[in-house]
K.L.:
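For reference, the structure I am asking about is given below.
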Amino acid sequence: MIRATINRTKSGSIQSFSISGHAGFAAHGSDIVCAGVSAVSFGAVNSIISLTGITPDIEQGADGFLRCDIPDNLPEDTQEKMQLLLEGMVVSLQTLEREYGKHIKITFKK
């Protein structure tokens with residue numbers, strides 16, 4: 001199962017997220033859930049870098065692990081852009097969770 005954790009600040013902004021595991025929906029190379037989660041999460045990170053010029057703290061590892069920490073003290077307009085992109089990622093992940101809930105679980109933490 002893929003486990004995604006979205007960490008929010010007290011004010012509700014996304015501060016970081018991590019994703020790990022494998023969906024187990026289909027054989028390696030044919031797993032549409034893994035492909036969808038990868039496309040959504042890496043697409044969000046790449047969009048943040050490309051559209052804001054800020055590179056978050058990113059860690060990648062084995063077993064589909066991705067962690068992304070958003071820097072503190074960003075200009076308000078940059079923070080707003082990042083939050084919009086990250087909230088879009090969350091909506092897409094929730095859509096995958098609704099359709100393939102046996103293979104992906106999202107947890108929100110404050």
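Counting begins at 1 with the first residue of the sequence. Computed from heavy atoms alone, side chains included, the values below leave out hydrogens, waters and symmetry copies.
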K.L.:
For a quick test of reading the model, state the closest non-hydrogen atom pair linking I2 to G21 and the distance between them.
P.N.:
CG1-O, 3.8 Å
K.L.:
With a 4.5 Å cut-off on side-chain heavy-atom distances among I, L, V, M, F, W and Y, is there a chain of contacts connecting V37 to F25?
P.N.:
yes
K.L.:
Taking only residues two or more places apart in sequence or in another chain, which ones pass side-chain hydrogen bond (donor to acceptor under 3.5 Å, both in side chains) with R8?
P.N.:
E87
K.L.:
Would you be so kind as to tabulate the donor-acceptor pairs closer than 3.5 Å made by side chains of residues 53-61, with sequence neighbours excluded?
P.N.:
from, atom 1, to, atom 2, distance (Å)
E59, OE1, R67, NE, 3.1
E59, OE1, R67, NH2, 3.1

K.L.:
Could you name each residue pair satisfying ring-ring contact (aromatic ring centres under 6.0 Å, His included) that touches residues 27-75, not counting sequence neighbours?
P.N.:
none
K.L.:
What distance do D72 atom CG and T9 atom OG1 have between them, rounded to the nearest 0.5 Å?
P.N.:
9.5 Å
K.L.:
Which atom pairs, donor and acceptor, lie under 3.5 Å between side-chain atoms of residues 77-86 and protein residues at least two apart or in another chain?
P.N.:
from, atom 1, to, atom 2, distance (Å)
Q83, OE1, I14, N, 2.7
Q83, NE2, I14, O, 2.9

K.L.:
Measure the OG-CG distance between S18 and N7 for me, rounded to the nearest 0.5 Å.
P.N.:
6.5 Å
K.L.:
Could you see if F17 belongs to whatever hydrophobic cluster contains L74? Use Ile, Leu, Val, Met, Phe, Trp, Tyr and a side-chain cutoff under 4.5 Å.
P.N.:
yes
K.L.:
List, one per line, each side-chain donor-acceptor pair under 3.5 Å for residues 99-110, sequence neighbours excluded.
P.N.:
from, atom 1, to, atom 2, distance (Å)
H103, ND1, A23, O, 3.0

K.L.:
Are L93 and L66 co-members of a hydrophobic cluster defined by side-chain heavy atoms under 4.5 Å apart?
P.N.:
yes
K.L.:
Say you draw a straight line from OG of S16 to CD1 of I6; how long is it, rounded to the nearest 0.5 Å?
P.N.:
8.5 Å
K.L.:
Write down the atom of G36, the atom of L96, and the distance for their closest heavy-atom approach.
P.N.:
C-CD1, 3.8 Å
K.L.:
Strictly by salt bridge (Lys or Arg N to Asp or Glu O under 4.0 Å), give each pair with a member in residues 27-56 just once, sequence neighbours left out.
P.N.:
none
K.L.:
So does G43 get a backbone contact from the side chain of S47, meaning a donor-acceptor N/O pair under 3.5 Å?
P.N.:
yes
